[in-house]
Each structure stands twice: as structure tokens, then as C-alpha cells.
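The structure appears right after this line, and notes come after that.
By convention in this document, chain letters (A, B, ...) are assigned in the order of the sequence lines, proteins followed by strands, and residues within each chain are numbered from 1.
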Amino acid sequence: MAARFDPMNQDKKLSELLRGSRVSPSLPPRFQENVWRRIEDAEAPGAASDGVSLLDALVAMFLRPRFAYATVAALMLLGMLLGAYQSTRSAQHEAEARYIAAVAPNSLR
Amino acid sequence: MNRSLVILLGLLLLGAGVFAGSYVATRHVCAMKPASPADDLSWLRDEFHLGDADMARVRELHNGYLPKCAEMCAQIAAKKREVADALAAGTNVTASAQAKLKELGDLRARCQAQMLEHFVAVSRAMPPEQGKRYLAEMQRVTLGLHEEVERSMPEMGTMHGRD
């Protein structure tokens, strides 16, 4: 009489066979420590602490509309103040030169 | 190149442009502004903080001095022409040319003395502190150049010696 097919028994055998054939690779040295270090780095705020993330933060700050408008306004104001100051100085020098030319002709100086 | 770096450089350029544009535009506007009526004395009023009464006195002195100054200038110009003619007559510095040069020097000295007297008179028409400052500034401007030339003479002498 032919052996009866027992699916439960076959499954068990197959599972054992598969388990035995599975290769479990050895972990690289200090694997666990490295994993924790990466997790900590990723979670620390602004931890990337390299130039790139700082640059990103700076650019993000400058591109914020309120900051951008304020910066443009400040630069315009500074430019106008300096321009007005320089113009005043030039006008003063011209006026001084005009007076001196009137009272002290070049032939005497 | 990093994208953020490019953006940051662009923003810096933009900022510099905004600043430079405002500066140039303001200077342009100020230059276009009609200059104050060509009053020779406007500088005195602003620089030495003169009131109307001070300005009236200074203006009177100034208006009195200008014709004398113009007359002196005309005499100096005439004497300079005489010196030029005397020098053009020959290749030597003749006795006549030397006499003309001396007369020119005397005229210049008289004119300079007159100018300094005017500065003293104007300084007295100002509040004392401002008057002192004015006199020092005028002497620096009008006599300072001579001092510079005289100071440079030893150097020039050395240079001539080298030649």
C-alpha cells in the first residue's frame, strides 16, 4: 500500500530543511554601536553641524519674506543715507572752494 | 556647486545692488537739486554758524574787499605781462626783467597782505571762537600751499644735485 501523503509532516520537514539552509551572515564589527550613532545623529536638532546645513538654514532665513523685506529696506536706507552724506560733503567743499576763489585768487596762493 | 551657496551668493549680489542703486540714485537726486543761489558766502554761514547780523557784517566787508582784490589782480596780471615781454626780449635775464620780477613780487606781497588784513577783519566780525577758527582755516588754505612748496624745496634741491 502506498504511503499516505501527510501534508503536515511534509511542511514540517520542508521548514526544517529551509531553516538549515538559511545563511546567517555575520554582522560587521561594531554594527550595533554604529546603528545607534546614526540614530542619534539623525535625531539631534541641527546636528548635521556641517557647513551645508548651516548654509541651508541661512538661505531659508534670508528667503523668509519678512526678513527679506526688512533687509532690502535697511540696505536702501543705508545707501540713501550714505549718498546724502556724501552729497552734502561735496556741496560743502564746492562752496568752500567758491569762497576761497573769490577772496584768494590763484595768483596769490 | 551647492545650491544653497549659489542662492546665498545671489542674495548677496542682490543686496549689494540694492545698496549701490540707492546710493547712486540719492547722489544723482542731490546733484540735480538746484544748487543754492551762487552766493560766495553761503559756505561761511554754514561752516561758522553765522547769524543774520554776523552775515550782514561779513557781507559788507566782503563786498568792500572784492573791488580792491580785483584791482590788485589786474595790476598783477599787467605786471606779469611786462615780465613776460622783458624775458622774451632776449636769452638773458636782463636788469630790466629783474626789476619787473621784483615789482611783481612786491605787488603779490601787497596783495597778500591786503588779503590777510581782510581775513582778520572778517574774523573779527564773527563770534570770537568761530573767528579764530576762520582765520586759522584761511591762513592754512592761502599760506599753507607756500609752506608745502618751501618744505619740498630741499627735496627738489637734492634732486637737482643728483642731476
Fill in: Connected via hydrophobic side-chain network under 4.5 Å: B:Leu44 and B:Val120
yes
Worksheet item: Between B:Val18 and A:Leu63, is there a shared hydrophobic cluster once you connect ILVMFWY residues whose side-chain heavy atoms come closer than 4.5 Å?
Response: no
Practice prompt. Tell me, for B:Leu14 versus chain A, whether the close heavy atoms (under 4.5 Å) come from the side chain, the backbone, both or neither.
Written response: neither
Worksheet item: Tell me, side chain or backbone of A:Ser90 under 4.5 Å from chain B's heavy atoms, or both, or neither?
Response: side chain
Worksheet item: So how far is it from A:Phe62 CZ to B:Leu8 CG, rounded to the nearest 0.5 Å?
Response: 6.5 Å
Worksheet entry | pair B:His62-A:Val103: side-chain heavy atoms closer than 4.5 Å | yes
Worksheet entry | A:Ala104 versus B:Thr142, closest heavy-atom pair with distance | CB-CG2, 3.6 Å
Practice prompt. Step through the shown structure and confirm whether more than 12 heavy atoms of other residues, nucleotides or ligands are within 6.0 Å of CD on A:Gln92.
Written response: yes
Worksheet item: Of the backbone (N, CA, C, O) and the side chain (C-beta and beyond), which part of B:Glu47 lies under 4.5 Å from a heavy atom of chain A, both, or neither?
Response: neither
Worksheet item: Just wondering, are more than 12 heavy atoms of other shown residues or ligands nearer than 6.0 Å to CE in A:Met76?
Response: no
Worksheet item: If you group Ile, Leu, Val, Met, Phe, Trp and Tyr by side-chain heavy-atom gaps below 4.5 Å, do B:Val29 and A:Met80 land in one group?
Response: no
Discussion item. Between A:Val59 and A:Val72, is there shared hydrophobic-cluster membership here, with clusters defined by ILVMFWY side-chain heavy atoms closer than 4.5 Å?
Written reply: no
Practice prompt. Report the distance from atom CG of B:Asp40 to atom CD of A:Glu96, rounding to the nearest 0.5 Å.
Written response: 13.0 Å
Discussion item. Is B:Leu11 in contact with chain A via its backbone, its side chain, both, or neither, using a 4.5 Å heavy-atom distance?
Written reply: side chain
Discussion item. Around atom CG of A:Asp11, are there more than 12 heavy atoms from other residues, nucleotides or ligands closer than 6.0 Å?
Written reply: yes
Practice prompt. Working to the nearest 0.5 Å, report the span between CG of A:Leu81 and OH of B:Tyr23.
Written response: 12.5 Å
Practice prompt. Dump the intermediate steps for side chain to side chain contact (heavy atoms under 4.5 Å, CB included) on A:Ile100 and B:Met138, then the final yes or no.
Written response: CA-CA 8 Å; A:Ile100 289 167; B:Met138 287 300 107; 4.2 Å; yes
Discussion item. Quick check on A:Phe67: does its CZ atom have over 12 non-hydrogen neighbours (other residues, nucleotides or ligands) under 6.0 Å away?
Written reply: yes
Discussion item. Using 0.5 Å steps for rounding, measure from the CG atom of A:Asp56 to the CD1 atom of B:Ile7.
Written reply: 8.5 Å
Fill in: Any side-chain heavy-atom pair of A:Gln86 and B:Cys30 under 4.5 Å
no
